[in-house]
Amino acid sequence: MGYLDTLNPRQKEAVMATDGPLLILAGAGSGKTRVLVHRIAYLIDKEGVNPWNILAITFTNKAAEEMRTRVDTLIGQGADSIWVSTFHSMCVRILRRHIDILGYDNNFTIYDTDDSKTVMKELFKRLSIDNKYIKERAVLSAISSAKDELISCEEYKKNCGSDYRGEVIGNLYAEYEEALHKANALDFDDLIVKTVELFRRAPQVLENYQERFRYIMVDEYQDTNTAQFELVSLLASKYRNLCVVGDDDQSIYKFRGANISNILDFEKVYPEAKVVKLEQNYRSTQNILDAANAVIANNSERKDKSLWTDKGQGSRIHFRQVDTAYEEADAVTDDIAGAVRKGQTRYGDCAVLYRTNAQSRLLEEAFVREGIPYNIVGGVNFYSRREIKDILAYLKTIENASDDLAVKRIINVPKRSIGQTTVNKVSDYALSQGLSFFAALCEADRIPGLGKTASKLTAFVNMIRVFRSEEDMFGIRQLIESVISTTGYVKELEESDEEDAEDRIENINELISKAEAYDEEESEGTLTDFLAEVSLVADIDSVEDDADKVLLMTLHGAKGLEFSRVYIAGAEEGVFPGMASIYDEDPTAIEEERRLAYVGITRAKDELTILSAKMRMIRGETQYNAVSRFVKEIPEELLDNRPAGNRQLTYDGQRLDGYEEGSYERNAFKSSPYGGYADRSDAFRARPKATIRPKITPEDTKPYISKAVASAGSAVKAGGNGITHPGYDVGDRVLHTKYGEGTVKNISLEPRDYKVTVEFDAVGQKIMYAAFAKLKKL
DNA sequence: CGTACTAGTCTTTTT
DNA sequence: GACTAGTACG
């Protein structure tokens with residue numbers, strides 16, 4: 001049993017505890033994938049378990065892929081028949097076989113978030129719901145949370161009692177469900193929910209899978225939601241050989257329904273569970289670990305554990321504060337370029353992490369400017385680009401005639417002179433006849449009021465029919481090519497003068513290569529499978545490991561990865577931790593951000609650089625943010641705190657007031673944690689809420705920064721919370737530059753600013769933010 | 001029916 | 001600031 005010798009005693013213990021429930025609390029970098037891989041190998045090799053009986057659930061396809069390869073190399077062969085997959089792809093596989101029990105067609109389509117939004121929009125229109133009152137997004141996220149908790153729309157309605165808003169959402173939930181059912185479509189959450197429903201409704205199906213999956217392993221268990229928990233519980237309830245691996249300190253998906261008590265209460269649910277803690281870290285230097293431990297220690301709700309390493313102290317953590325986000329980007333690229341030049345690292349060993357995708361733009365520009373090879377993970381998913389969604393909509397139309405959404409998307413793409421009015425007429429007809437949109441199109445000549453457009457519809461239907469006949473004989477690549485040439489999609493792009501037409505064509509070619517690769521790999525693969533696979537890819541899945549490129553991604557995206565050099569950009573209050581978490585009345589919101597910081601820090605093996613900018617443009621507003629509390633939570637002796645060049649902050653050659661050489665760097669660390677700033681009142685040490693600037697108007701562009709700084713100062717003085725109270729009150733008469741005179745009806749304090757409701761004599765009631773509106777009291 | 005402009009919204013984070 | 005949906009016009 002040679003391969004067990006490479007494990008430490010704890011790891012070995014986890015590997016060999018094969019029977020019964022097992023909770024592995026695996027700190028960052030403690031070799032948990034290693035343990036899982038060895039455990040699978042051990043089950044097969046030593047315990048004689050049939051690979052067929054093993055199920056391993058990972059978070060991403062990439063992780064699944066990696067696990068399978070590593071098992072393969074360890075045990076030779078036999079790993080093929082292990083189910084290693086994500087929750088979502090596993091559910092798709094199960095549902096494809098059995099969903100007819102629930103009254104769906106087995107070739108159901110999967111709706112992504114965009115699709116769901118489109119459906120919801122149509123519902124809003126149809127039920128004439130005012131999206132000022134409630135937003136589609138809000139409804140969808142309520143539905144999604146309900147599904148994460150396995151709450152059906154009936155239960156939802158019951159729970160909300162007489163709450164009007166809840167009632168509206170409940171009704172929309174029901175309508176939404178019906179719409180999806182009609183389209184024979186499932187959204188992401190449904191994949192889990194319907195599988196649970198299937199298992200509950202069809203015990204013989206459940207038993208079938210219980211027999212099959214006698215040994216179940218779940219990775220990243222801290223990120224499972226209630227529905228996923230139920231799914232796993234059902235599967236494991238017969239043999240109880242359930243092994244879950246996770247780290248409560250790395251739970252960062254609460255917004256997606258992750259239920260941290262799944263891991264915290266595992267021992268309550270499975271009293272006979274064995275618990276193994278992995279605390280030896282094989283990844284990072286002691287300094288990095290100390291920093292991570294110090295930060296996470298500020299959280300209250302956690303299982304106590306502490307990482308250690310025998311790797312040695314390592315460098316101190318580099319903290320750099322720069323003036324602007326531009327300089328931040330330059331600092332990153334300069335540092336990477338320098339280190340590579342000196343032979344200290346290669347591009348592929350570096351990663352830049354940030355809180356929000358929006359931050360990637362400036363960084364990307366710097367990488368382009370410096371000619372440093374890079375890869376951005378995340379942002380707009382490849383498969384959600386317009387041109388890709390268009391082509392996929394053709395495939396979906398070919399494949400699932402009830403997918404109204406797909407049909408409507410492409411009926412006039414490329415332009416066929418089939419406009420909104422026609423689409424509406426067809427929709428009405430479909431609704432009245434109880435037909436799908438496509439079925440209605442097939443009867444175009446019977447639809448009243450269409451006139452000669454009917455022939456265009458018929459032409460469209462015939463085209464789709466031709467594609468359908470090709471489906472059986474063609475591979476997916478050929479089918480896509482046929483779609484492109486018949487519709488003239490690419491031709492239209494080539495002729496268009498749109499700036500990004502070339503990129504689009506490039507993307508379509510990329511899609512064709514992916515289809516080709518699919519055709520080759522999955523000789524049995526059907527169009528249905530291709531579409532399902534495509535809707536379940538995460539961005540991280542397509543990252544090539546061996547490319548020598550710097551990876552840029554969000555902190556969320558970085559979970560599970562490691563790099564020799566890590567840069568965390570935007571370590572500022574209001575950015576990371578983000579505004580929303582700072583103002584959340586629930587204090588655990590900040591704890592989630594802190595876990596994210598913990599994840600970020602522990603990605604680094606050797607060198608960790610944290611950057612923060614004094615000034616940054618967010619959503620068109622210039623913000624001046626204090627250094628992130630997470631930086632301050634790192635013991636000072638672990639930081640090099642090298643000031644980022646003691647320049648004065650200038651703009652257009654003008655010196656800005658309030659910045660003295662080096663003053664900030666010193667003060668930032670002396671001030672007490674969490675915004676209790678020293679007595680000096682320059683804008684930088686104001687709390688985030690004091691630092692939001694009014695939108696810059698064209699008239700005062702030139703010296704805008706110094707103006708902004710000056711007014712920031714006065715804002716701090718004016719209100720203790722940093723938000724200037726407008727110089728008027730409810731009942732006052734005010735003058736607005738555009739709307740004229742009016743009466744103030746209401747003033748309320750929002751997180752960012754005072755919200756003022758004014759009844760204007762000329763234009764009626766308007767709601768506006770005080771800082772923007774610049775109302776004058778009369 | 002299609003285009004060109006305007007107004008409003010938006011950002012956390014993702015399978 | 002960037003994007004998108006909505007609207008007015010040709």
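Within every chain, numbering begins at 1; the chains are lettered A, B, ... in the order of the sequence lines, protein sequences first and strands thereafter. Since the structure is predicted, the reported quantities are computational estimates derived from the model, not experimental observations.
Look at NZ on A:Lys147: it is 14 Å from C1' on B:dT15, rounded to the nearest Å. Rounded to a whole Å, the CD atom of A:Gln250 is 20 Å from the P atom of B:dT13. Atom OH in A:Tyr111 sits roughly 24 Å away from atom P in B:dT14 (whole-Å rounding). For the pair A:Met615 CE and C:dG1 P, the computed distance is 14 Å after rounding to whole Å. Rounding to whole angstrom units, CD of residue A:Glu220 and P of B:dT14 are separated by 14 Å. Regarding A:Asp130, its CG atom lies at a distance of 14 Å from the P atom of B:dG8, rounded to whole Å. Taking atom CD1 of residue A:Ile618 and atom P of nucleotide B:dT11, one finds them 14 Å apart after rounding to whole Å. Atom CE in A:Met617 sits about 8 Å away from atom P in C:dA2, given to the nearest Å.
For A:Tyr111 and A:Tyr176, the gap between ring centers reaches or exceeds 6.0 Å.
Distances from the side chain of A:Phe255 to the nucleotides B:dT13, B:dT9, B:dT12 place B:dT13 closest. Counting only heavy atoms from C-beta on, A:Arg361 has its side chain closest to C:dA2 among B:dT12, C:dA2, B:dT15. Of the listed nucleotides (B:dT15, B:dT12, B:dC10), B:dT15 has the atom at the smallest distance from the side chain of A:Thr86.
The stacking criteria are not both satisfied for A:Phe59 over the base of B:dT15, which would need a centre-to-centre distance under 5.5 angstrom and an angle between ring planes under 30 degrees.
Side-chain polar atoms of A:Asn424 and A:Gln420 form a donor-acceptor pair below 3.5 angstrom. Of the N and O atoms on the side chains of A:Glu149 and A:Thr226, at least one donor lies less than 3.5 Å from an acceptor on the other residue. Side-chain atoms of A:Glu230 and A:Gln228 form no donor-acceptor pair, as typed in the model, at a separation below 3.5 Å.
Between A:Asn61 and A:Thr453, the residue whose closest nucleotide on DNA chain B is further toward the 5' end is A:Thr453. Along DNA chain B, the nucleotide closest to A:Gly578 and the one closest to A:Ser417 are compared, and the more 5′ of them pairs with A:Ser417.
For B:dT14, one of the phosphate oxygens OP1 or OP2 lies less than 4.0 angstrom from a side-chain nitrogen or oxygen of A:Thr554. For the OP1/OP2 pair of B:dT3 and a distance below 4.0 Å, the side-chain nitrogens and oxygens of A:Lys415 include at least one atom meeting the criterion. For A:Arg137 and B:dT11, the shortest distance from a side-chain N or O to OP1 or OP2 is below 4.0 Å.
Among the heavy atoms of the strands, none lies under 4.0 Å from A:Glu592. No contact: A:Phe576 has no heavy atom under 4.0 Å from any strand. Backbone-only contact: A:Asn412 has heavy atoms under 4.0 Å from sugar-phosphate atoms and none from a base. Looking at heavy-atom distances under 4.0 Å, A:Asn357 makes contact with sugar-phosphate atoms alone, never a base. Using a 4.0 Å heavy-atom distance criterion, A:Arg595 is classed as making no nucleic acid contact. A:Ser535 comes within 4.0 angstrom of no nucleic acid atom, judged by non-hydrogen atoms across all strands. Backbone-only engagement by A:Lys121 is indicated by non-hydrogen atom pairs under 4.0 Å involving sugar-phosphate atoms exclusively.
One finds no salt bridge joining A:Glu593 and A:Arg629 here, because no Lys/Arg side-chain nitrogen approaches an Asp/Glu carboxylate oxygen to under 4.0 Å.
Only the C1' atoms considered, B:dT12 is 23 Å distant from C:dA5, to the nearest whole Å.
Classified by interplanar angle (parallel below 30°, tilted 30° to 60°, perpendicular above 60°), the ring pair A:His88/A:Phe188 is perpendicular.
For A:Arg619 and B:dT11, a side-chain-to-base donor-acceptor distance below 3.5 Å is absent, hydrogens and geometry of angles not being considered.
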